[in-house]
**Student:** 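The structure under discussion is supplied below as structure tokens; questions concerning it will follow.
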Amino acid sequence: MSSFESNKNRIAVKFGLFQMLGVLVFIILCLALGFCFGKNLEAIIFIPAIYSMRIFAGGFHANSKWLCFVVSILVVLVGFSLMNFMGEFLQVASLVVAISTITIWKSAPVGDWRKPLSDNEKKAYGKTAKIISIFWVLLFFIATFLGWKEVQSPIAVAFLIVLSVLIAGQIKNNIECRHTFSESK
């Protein structure tokens, strides 16, 4: 193996380890907040719901890892704060899930304008985002039917966050793309 390939592998491994560390920190943060808010079951439901939808739907990406970390903490804090609300107002939670699902189906995946997705990536991620959203919609309605607010509310909050991140990503892409285009004139 050449030194170039070795260095390339080292960079890939370092990136992978950093990503895994980020996931672990996010999971620990969610579990800790769930404990602090008295929402342990909700945290356990929220983590796979938000992660599975966010990975394939895409959306807003911060310009730095630290900004991403800070925004993630704030979003999760707001999310846990909203769980009681979503659990008590079924109509609002259902509307959030419906609007989010439509948005995922219409716009996912939302990539970053600096690293556009290929047509194959768009197709694969879009299809996966739709399948995952169907799973969570079905689980939401089963939980609603059975009166399981502890399952229903974190799913609704995950959908709300994904909706917000998709819209924010589209806005950011439009602003940065226009800004770059106007500078090149």
**Student:** Please round to the nearest 0.5 Å and tell me the distance separating atom SG of C36 and atom CG of L77.
**Tutor:**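 Here the rounded value is 9.5 Å.
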**Student:** Report the distance from atom CD1 of I73 to atom SG of C68, rounding to the nearest 0.5 Å.
**Tutor:**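 I73 atom CD1 to C68 atom SG measures 10.0 Å (nearest 0.5 Å).
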**Student:** Any carboxylate oxygen within less than 4.0 angstrom of a Lys/Arg side-chain nitrogen, looking at E88 and K149?
**Tutor:**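 Here E88 pairs with K149 in a salt bridge, since their nearest N and O are under 4.0 Å apart.
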**Student:** Under the criterion side chain to side chain contact (heavy atoms under 4.5 Å, CB included), I'd like the reasoning laid out for V71 against L67: C-alpha separation, chi angles, the key distance, then a yes or no.
**Tutor:** CA-CA 6 Å; V71 168; L67 180 59; 4.0 Å; yes
**Student:** Can you tell me how far the CG atom of L29 sits from the CD1 atom of I47, to the nearest 0.5 Å?
**Tutor:**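 Answer for the CG-CD1 pair, L29 versus I47, is 9.0 Å.
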**Student:** Residues two or more places apart in sequence or in another chain: which of them pass side chain to side chain donor-acceptor pair (under 3.5 Å) with S52?
**Tutor:**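 Side chain to side chain donor-acceptor pair (under 3.5 Å) check on S52 returns W136.
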**Student:** Just wondering, are more than 12 heavy atoms of other shown residues or ligands nearer than 6.0 Å to CZ in F69?
**Tutor:**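 Incorrect, the count does not exceed 12.
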**Student:** Working to the nearest 0.5 Å, report the span between CD of E42 and CG of L33.
**Tutor:**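 If we round to the nearest 0.5 Å, E42:CD and L33:CG are 12.5 Å apart.
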**Student:** Ignoring hydrogens and geometry beyond distance, is a side-chain donor-acceptor pair present between K14 and N9 at under 3.5 Å?
**Tutor:**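 Checked: K14/N9 side chains show no N/O donor-acceptor pair below 3.5 Å.
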**Student:** Does F159 have its ring centroid less than 6.0 Å away from the ring centroid of F140?
**Tutor:**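 Ring centroids of F159 and F140 are no less than 6.0 Å from each other.
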**Student:** Could you tell me whether the side chain of I161 reaches within less than 4.5 Å of the side chain of F46, counting heavy atoms only?
**Tutor:**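 Sidechains of I161 and F46: in contact.
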**Student:** Is there side-chain contact between I55 and Y125, with at least one heavy-atom pair below 4.5 Å?
**Tutor:**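 No, too far: nothing below the 4.5 Å cut-off.
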**Student:** Hey, does K127 have a side-chain heavy atom less than 4.5 Å from the side chain of F56?
**Tutor:**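 Not in contact.
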**Student:** Verify, without hydrogens or angle tests, whether K39 (side chain) and M83 (backbone) share a donor-acceptor contact under 3.5 angstrom.
**Tutor:**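 Side chain of K39 to backbone of M83: no pair is present.
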**Student:** What pairs with D112 under side chain to side chain donor-acceptor pair (under 3.5 Å), at least two apart in sequence or on another chain?
**Tutor:**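 Partners of D112 under the side chain to side chain donor-acceptor pair (under 3.5 Å) test: R114.
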**Student:** Taking atom CG of N84 and atom CZ of F89, what is their separation to the nearest 0.5 Å?
**Tutor:**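 Going from the CG atom of N84 to the CZ atom of F89 covers 10.5 Å.
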**Student:** Is there a side-chain contact between V97 and T101, using heavy atoms and a 4.5 Å cut-off?
**Tutor:**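 A side-chain contact under 4.5 Å exists here.
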**Student:** Evaluate the criterion side chain to side chain contact (heavy atoms under 4.5 Å, CB included) for residue pair L31 and I44; output intermediate values, then yes/no.
**Tutor:** CA-CA 7 Å; L31 292 173; I44 292 168; 4.2 Å; yes
**Student:** Evaluate the criterion side chain to side chain contact (heavy atoms under 4.5 Å, CB included) for residue pair M86 and V96; output intermediate values, then yes/no.
**Tutor:** CA-CA 9 Å; M86 290 293 184; V96 164; 3.7 Å; yes
**Student:** Indicate the atoms forming the closest heavy-atom contact of E150 with I45, along with that distance.
**Tutor:**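 Where E150 meets I45 most closely, the heavy atoms are O-CG1, 4.4 Å.
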**Student:** Return the minimal non-hydrogen interatomic distance between S94 and F141, and the atom names on each side.
**Tutor:**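 Distance-wise, the nearest heavy atoms are OG-CE2, 4.4 Å.
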**Student:** Is the closest side-chain heavy-atom distance between M53 and I104 below 4.5 Å?
**Tutor:**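 They are in side-chain contact.
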**Student:** Any chain of hydrophobic side-chain contacts (each under 4.5 Å) joining L21 to I50?
**Tutor:**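 Yes, because L21 and I50 connect within a single hydrophobic cluster, where side-chain heavy atoms sit under 4.5 Å apart.
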**Student:** Once side chain to side chain donor-acceptor pair (under 3.5 Å) is applied, do any residues pair with W105, and if so which ones, sequence neighbours excluded?
**Tutor:**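 If we apply the side chain to side chain donor-acceptor pair (under 3.5 Å) test to W105, skipping adjacent residues, the hits are S133.
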**Student:** Would you give the length of the straight line joining atom CD1 of I27 to atom CG of L24, rounded to the nearest 0.5 angstrom?
**Tutor:**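 Here the interatomic distance stands at 6.5 Å.
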**Student:** Decide side chain to side chain contact (heavy atoms under 4.5 Å, CB included) for F37 and S81; before the verdict, give the C-alpha distance in whole Å, the side-chain angles of both, and the deciding distance to 0.1 Å.
**Tutor:** CA-CA 8 Å; F37 279 87; S81 299; 3.8 Å; yes
**Student:** Any idea which heavy atoms bring A158 and A49 closest together, and the distance?
**Tutor:**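 Heavy atoms of A158 and A49 come nearest at CB-CB, 3.8 Å.
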**Student:** Got a donor-acceptor contact below 3.5 angstrom from the Q170 side chain to the I167 backbone?
**Tutor:**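 It does not hold such a pair.
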**Student:** With heavy-atom distances below 4.5 Å as the criterion, would you say the side chains of V110 and S107 are in contact?
**Tutor:**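 They are in contact (side-chain heavy atoms under 4.5 Å apart), so the answer is yes.
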**Student:** For a quick test of reading the model, state the closest non-hydrogen atom pair linking A129 to A108 and the distance between them.
**Tutor:**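 Smallest heavy-atom distance, with atoms named: CB-CB, 4.1 Å.
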**Student:** So for atom CZ, which belongs to F60, do other residues, nucleotides or ligands contribute more than 12 heavy atoms lying within a distance under 6.0 Å?
**Tutor:**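 Yes, because the 6.0 Å sphere around CZ of F60 holds more than 12 heavy atoms from other groups.
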**Student:** Might you point out which heavy atoms bring L117 and P109 nearest each other, and give the distance in Å?
**Tutor:**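 Residues L117 and P109, closest heavy atoms: CD1-CG, 3.6 Å.
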